[in-house]
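Residue numbers start at 1 and run along the sequence shown.
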Amino acid sequence: MLGQEQFYGRALRVLRDSRVFGSLDEAVLHDLAQLLERQDVPGGSMVFQEGAPAESMFFVLTGRLRVSRRSAESGLLLYNEIRSGDSVGEVGMVLQQPRTADVSAVRDSILAVLHRSHFETLLLRQPLAVNRVFSQAIFDQLRHTARVLQRHQAHAFVVLPLPGSTGAAEVARGLAQALGRLGRVHHVTPVAGAAEDRFDALEEAYDYLVLEADGGPSSPSSPSSWTRRALRQADQVVWVADAGASAVPSALELDLASQPGVQMKRQHLVLLHAATATQPQATGPWRVGRTLERIYPLRRQQDGDYARLARFLTGRAVGLVLGGGGARGFAHLGVLRALQEAKIPVDLVGGNSMGALIGAQYACGLPLDSIREQTRKFAEGGEWLTLPIISLVSGRRVARDLHRMFGDTQVDALWTPYFAAACNLTTARTTVQDSGPLWRAVLASNSPAGLFPPVLHQGQLLVDGAILENVPVDAMRMRLGVPLEKRRGNGTVIAIDVDVREDMGVDPRLQRLSVRSKLKGYFSRGAHSQPGIAEILYRAGHIGGLNQRATTRAQADHYLEPPVADFSLMAYRRADEIVEVGYRHAMEKIATWTQ
């Protein structure tokens with residue numbers, strides 16, 4: 001813990017590092033530091049509430065705070081974190097306005113508080129300097145300008161076993177090893193943690209702290225003092241459960257989850273499987289009664305699984321988005337091959353139409369060659385025409401073969417997280433399918449309106465998502481991890497667009513489209529072609545994606561457009577050529593990326 005002398009020295013360093021307060025003369029800085037009062041805030045405690053009188057401002061010396069508000073409509077709304085070195089409350093104190101939000105301690109924190117009476121004392125002593133610096137601070141805050149140089153502070157994860165779990169120690173070790181590839185890490189075991197009283201020193205020495213809580217089959221019915229302390233000190237909570245255990249929250253878990261401040265932390269669940277497990281347990285039941293950002297099916301002793309966990313927790317996960325485009329979608333396999341050769345991980349896959357089909361097979365762990373052959377065989381299977389009241393074709397063959405391809409696999413029972421995009425005709429917006437039968441999710445994303453009947457789901461009608469968004473980058477961006485630092489994005493989005501903007505027109509002399517002129521185009525060499533119903537419906541179904549391509553491109557970190565215009569939508573027999581085009585294009589682009 002900080003002594004009085006250390007508190008004064010830490011407060012001085014924070015003031016000197018501030019872009020605003022650091023401009024004060026050294027004598028004024030010392031005057032200000034001497035007026036600051038220490039306030040120790042246990043993790044989970046409220047610092048101040050929205051609407052309360054603003055009688056002070058403060059600097060964060062150690063720990064971390066969270067800004068939040070409560071809404072009758074939306075419940076708890078979490079906003080930005082306040083980290084070591086930040087100052088808060090200048091506007092309210094100087095202008096005597098009420099607090100505009102709640103501020104709570106995410107972890108045990110030490111604040112340096114400047115009360116209004118002390119501010120007025122300093123103002124009398126140094127009117128020019130104090131007026132100038134606080135005016136600048138208020139201006140920066142209103143303009144959302146960074147006011148401080150961020151001090152180094154480790155990010156802390158508590159690994160907390162659910163009652164009966166046997167894997168918390170392994171998860172803590174695996175996570176620490178994976179984080180060690182990203183920065184300096186320190187693993188605090190329960191024995192070491194019980195005797196640890198210098199967390200501020202650890203935070204300065206390391207980039208990541210992994211706090212292993214007590215637990216296991218023999219753990220007591222109430223958490224130890226170390227477990228409660230680790231929970232208070234952590235920025236994120238990683239619960240650990242054994243696959244196959246009961247998903248019903250226990251009394252002990254509910255007690256810990258209700259501890260003050262826990263709801264302000266990002267919470268995750270690791271579902272630990274045997275090292276040889278081939279199929280993960282569905283995660284859906286584990287969400288009931290819990291507030292979780294993500295559930296991670298992990299296999300024991302699998303370094304790759306722990307590396308993925310670390311990337312998600314630190315906002316470094318890589319999301320791959322595959323767009324639709326018929327046979328041109330085989331280019332996705334070439335891009336995947338290039339990513340594998342470049343050792344670029346794929347942590348989450350999402351897609352639409354052909355991209356959804358290829359992405360689903362990849363998420364299932366199939367080799368790329370098997371995906372190519374299986375997709376080609378599926379695409380060449382044909383479909384039966386039907387009475388054109390709902391659609392041109394029945395869709396029965398496609399539904400049957402997709403069910404055979406994926407069986408009873410659920411979307412939330414994959415080692416690699418996956419989603420398929422579809423256009424919801426009922427709600428007139430994109431629906432992201434990340435649960436339920438995998439075959440049905442792929443079918444909905446591969447059902448162009450008019451050509452195929454809509455897929456029915458809970459009374460709603462789902463069709464190919466290209467009507468609104470052919471490359472669902474926005475959905476991927478929302479599903480990646482939250483960044484630890486403001487300067488980092490939330491992961492990396494790689495998007496592949498194989499939809500070609502082709503000219504669609506007819507001979508200007510033609511007055512109307514007719515069956516006769518269309519048939520004539522089939523048999524007369526050199527005749528000006530006109531679009532048929534399939535081309536018209538395809539183009540109409542892709543208008544939204546084509547029109548918002550610029551917006552989609554701006555949301556992605558890397559946007560690849562393999563040159564596949566020379567291949568027709570139905571060129572499935574040229575799959576090998578299309579794969580090679582995608583591979584060469586991706587290798588050229590990857591060489592230019594900053595790793």
Side-chain angles (χ1 to χ4, degrees), residues 43 106-108 154-199 201-203 205-220 223-243 245 250 252-253 256-257 259 262 265-275 277 286 290 292-317 481 484:
V106 175
R107 58 160 82 166
D108 291 351
H155 200 87
F157 306 89
V158 60
V159 178
L160 208 159
L162 297 183
S165 172
T166 60
E170 179 180 336
V171 171
R173 288 193 302 271
L175 176 58
Q177 290 173 359
L179 290 171
R181 302 183 188 99
L182 305 176
R184 298 166 298 170
V185 65
H186 184 60
H187 175 195
V188 183
T189 64
V191 174
E196 181 59 64
D197 63 354
R198 290 296 307 275
F199 270 100
L202 293 178
E203 287 181 345
Y206 297 97
D207 299 307
Y208 306 105
L209 299 178
V210 177
L211 313 178
E212 180 189 334
D214 298 304
S218 60
S219 64
S224 68
S225 58
W226 158 243
T227 292
R228 291 185 182 276
R229 186 181 179 207
L231 193 58
R232 291 200 315 271
Q233 289 295 128
D235 302 301
Q236 299 188 51
V237 182
V238 181
W239 303 93
V240 179
D242 293 342
S250 67
L252 179 60
E253 178 188 353
L256 288 170
Q259 294 296 307
V262 173
K265 304 174 190 285
R266 294 172 58 194
Q267 297 184 54
H268 318 263
L269 173 66
V270 167
L271 200 54
L272 197 59
H273 295 69
W286 290 89
R290 297 180 174 91
L292 299 170
E293 181 177 308
R294 192 182 297 278
I295 299 176
Y296 307 85
L298 261 68
R299 289 158 290 197
R300 293 176 181 269
Q301 303 168 17
Q302 294 289 327
D303 291 344
D305 289 0
Y306 286 106
R308 173 177 292 150
L309 172 65
R311 288 192 294 271
F312 270 115
L313 296 181
T314 58
R316 290 177 167 85
L484 296 189

According to side chain to side chain donor-acceptor pair (under 3.5 Å), who are the partners of [X], at least two apart in sequence or on a separate chain?
| X | value |
| --- | --- |
| R299 | D305 |
| Q259 | R228, D255 |
| E212 | H187 |
| R181 | none |

Flag side-chain contact, heavy atom, 4.5 Å: [X] against [Y]:
| X | Y | result |
| --- | --- | --- |
| L175 | L313 | yes |
| V185 | F157 | no |
| V262 | L256 | no |

(request) Kindly say whether Q301 contributes a backbone atom to a donor-acceptor pair with the side chain of E170 at under 3.5 angstrom? (result) yes
(message) My understanding is that only residues two or more places apart in sequence, or in another chain, count here; which of them pass ring-ring contact (aromatic ring centres under 6.0 Å, His included) with Y296?
(response) H268, F312
Between [X] and [Y], which heavy-atom pair has the shortest distance, and what is it?
| X | Y | answer |
| --- | --- | --- |
| A178 | Y306 | CB-O, 3.5 Å |
| G167 | S165 | N-OG, 3.4 Å |
| D214 | T227 | N-OG1, 3.1 Å |
| P190 | A213 | CG-O, 3.9 Å |

Euclidean distance, [Y] [atom2] relative to [X] [atom1], rounded to 0.5 Å:
| X | Y | atom1 | atom2 | value |
| --- | --- | --- | --- | --- |
| Q236 | E293 | CD | CD | 6.5 Å |
| R300 | D242 | CZ | CG | 6.0 Å |
| W239 | L292 | CH2 | CG | 9.0 Å |
| L211 | R229 | CG | CZ | 9.5 Å |

(request) Apply side chain to side chain contact (heavy atoms under 4.5 Å, CB included) to A241 and list each qualifying residue two or more places apart in sequence or on a separate chain. (result) L162, L269, L271, W286
(message) Working note: W226 + V191, criterion side-chain contact (heavy atoms from CB on, under 4.5 Å); need CA distance, chi angles, decisive distance, verdict.
(response) CA-CA 9 Å; W226 158 243; V191 174; over 6 Å; no
(request) Using the side chain to side chain donor-acceptor pair (under 3.5 Å) rule, pick out the option among R184, H186, H155 that qualifies with D207. (result) R184
